[in-house]
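Written below as C-alpha cells is the structure these notes are about.
Lettering of chains follows the sequences in order, A, B, ..., and the numbering in each one begins at 1. Quick caveat, the model's predicted, so the values are computed rather than measured.
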Number of protein chains: 2
Amino acid sequence: MQLRGFNGFSYADVAVELHVTKASLHYHFAGKADLGESLIRRYDDRFARALAEIDGRRGGAPAKLDAYAALYGRALEGERMCLCGMLAAEYQTLPEAMRRAVVEFFDRNEAWLADVLREGKRSGSLDYPGSARDVARTIISTLEGALLVSRPYGDEAHFHAASRRLLQSLRRAPGR
Amino acid sequence: MQLRGFNGFSYADVAVELHVTKASLHYHFAGKADLGESLIRRYDDRFARALAEIDGRRGGAPAKLDAYAALYGRALEGERMCLCGMLAAEYQTLPEAMRRAVVEFFDRNEAWLADVLREGKRSGSLDYPGSARDVARTIISTLEGALLVSRPYGDEAHFHAASRRLLQSLRRAPGR
DNA sequence: GTCTATAGGCAGATAGAC
DNA sequence: GTCTATCTGCCTATAGAC
C-alpha cells in the first residue's frame, strides 16, 4: 500500500510475496477493505508508539520536531510513501471504514504536534504566529508533500530540503 | 484522474460520462497509458499558459507567488487533487511515458518559481536562505501536501492555512 | 488454517460492420 | 468515427476437501 497504493495491489500480489494462496488471505481478512483497514490501524499504532518514545527522551520541543520529521523520512527507504498520505490521494475511492481510519491517524498526529508546539512556545524554544493547531496542520502537510514530490525524483534531497526549512522557520529567531 | 487517480478509473467510466462506447475511446487513445499521457500534457500546457498569464500582469514577486498558490487552490473545487500530485503518489505503478511527463511538469514549475524567487530577492521584496531551486522545491512540496491532506477533511481551510504561512515566511521581514 | 477449484464480474483491448 | 460483439486476463470472493 505504501509503494503502490490501495488500488495498485491485489490479493494475488500479496499471496505470492507471502508464499500462500489468495484463499488463505481471505481467511484472515475477509475482504480487501478489511485488510486495508487493519494495515492502517497497525501503522497508526506503530506511529503512536514512536511518538510516545519521542516523548520519553530528554530534549526540548525543537528536538521533538526533528525526531517527528525523521519518522517521515524513514518512508523514503524503499521509495515508500507515508501510508496515510498515499491513502489521502486515493481517498475518493476508499471504503468508508478506511476513510475513518485515515482521518483518525491525521487527527492523532495533529494533536501530538499541537502539544509539542505549545510546549515549545511556553518554554521559549519555538516561535510561530497563529494557533498551534494550524501550525501542526502545516507541518503535516509540508512533510507529506515533501515525501510525495520526492517520489518522482527518487531523491531524498527533495524531502530533506523542505523538512529542514520548515523546522528552521519554527525555531525562535535569536535576534528578534 | 484528479479525483480518483490513474488506477481508480476505467475506460468504462469515461465512456459512460461522455455517452460513447469504450471502443470509441480506443479509437482516440489506443491504450490507457496514451490517454493518461495526453491528459498530463494538456494539464501541463494549461498550467504553463496560466504561468505566462501571471508573468504578464504587473505586480512583484510576492504577488506572483500568491497567484501561483491560488492556481493550486482551484483544484479544491470538486475535491480534486493536482493531477501531477496524484500521479506522484501512484508513480510506482505508472507507465514510463507518464512518469516522464510528470517529472517534466514539476521541472517546469520549479524553473518558473526559481526565476520568481531570484527576481524577488534582487528587488528586495523576498528573502530566503539557501538556493532559489531548493526554495522552489519547498513551495511545490508544501502546496501539494496541503492539497493532499485537505482531501480527507474536505476542508479548504487546511490548504489555505499552509499556503498562507508559506508565502508569509518568504516575504522580506520588515524589521530586519 | 491452508489448500484446489471455480464462480462472477470487470478490466483493457480488438475485429469488423456501418 | 462510432458502433456491437467478443476476447483474454485479472480481480475479489467463495465452496469445500484436507
*Listed in order of residue number, which residues of residues 21-36 of chain A have a non-hydrogen atom at under 4.0 Å from DNA chain C?*
A:Thr21, A:Ala23, A:Ser24, A:Tyr27, A:His28
*Heavy-atom contacts under 4.0 Å between residues 86-94 of chain B and DNA chain C, which residues?*
none
Does anything in [range] form a salt bridge (Lys or Arg N to Asp or Glu O under 4.0 Å)? List the pairs, not counting sequence neighbours.
range                       : result
residues 1-19 of chain B    : none
residues 156-168 of chain B : none
residues 35-45 of chain A   : A:Glu37-A:Arg41, A:Arg41-A:Glu104, A:Asp44-A:Arg108
residues 54-66 of chain B   : B:Glu53-B:Arg57, B:Asp55-B:Lys64, B:Lys64-B:Glu119, B:Asp66-B:Arg171

For [X], all residues meeting ring pair (Phe, Tyr, Trp, His ring centres under 6.0 Å), sequence neighbours excluded:
X        : value
A:Tyr68  : A:Tyr72, A:Trp112
B:Tyr128 : none
B:Tyr153 : B:His158

*asked:* Testing B:Leu166, B:Leu167, B:Asp134 one by one against B:Ile139 for a side chain to side chain contact (heavy atoms under 4.5 Å, CB included), which residue passes?
replied: B:Leu166
*What are the bounds, 5' to 3', of the part of DNA chain C that sits under 4.0 Å from heavy atoms of chain A?*
C:dG1 to C:dT4
*asked:* If the condition is salt bridge (Lys or Arg N to Asp or Glu O under 4.0 Å), which residues does A:Arg118 pass it with, not counting sequence neighbours?
replied: A:Asp115
Please table the atom pairs, donor to acceptor, closer than 3.5 Å between any side-chain atom in residues 80-92 of chain A and protein atoms at least two apart or in another chain.
unit_1	atom_1	unit_2	atom_2	d
A:Arg80	NH1	A:Glu77	O	2.9
A:Glu90	OE1	A:Phe6	N	2.7
A:Glu90	OE2	A:Phe6	N	3.1
A:Glu90	OE2	A:Asn7	N	2.9
A:Glu90	OE2	A:Asn7	ND2	3.4

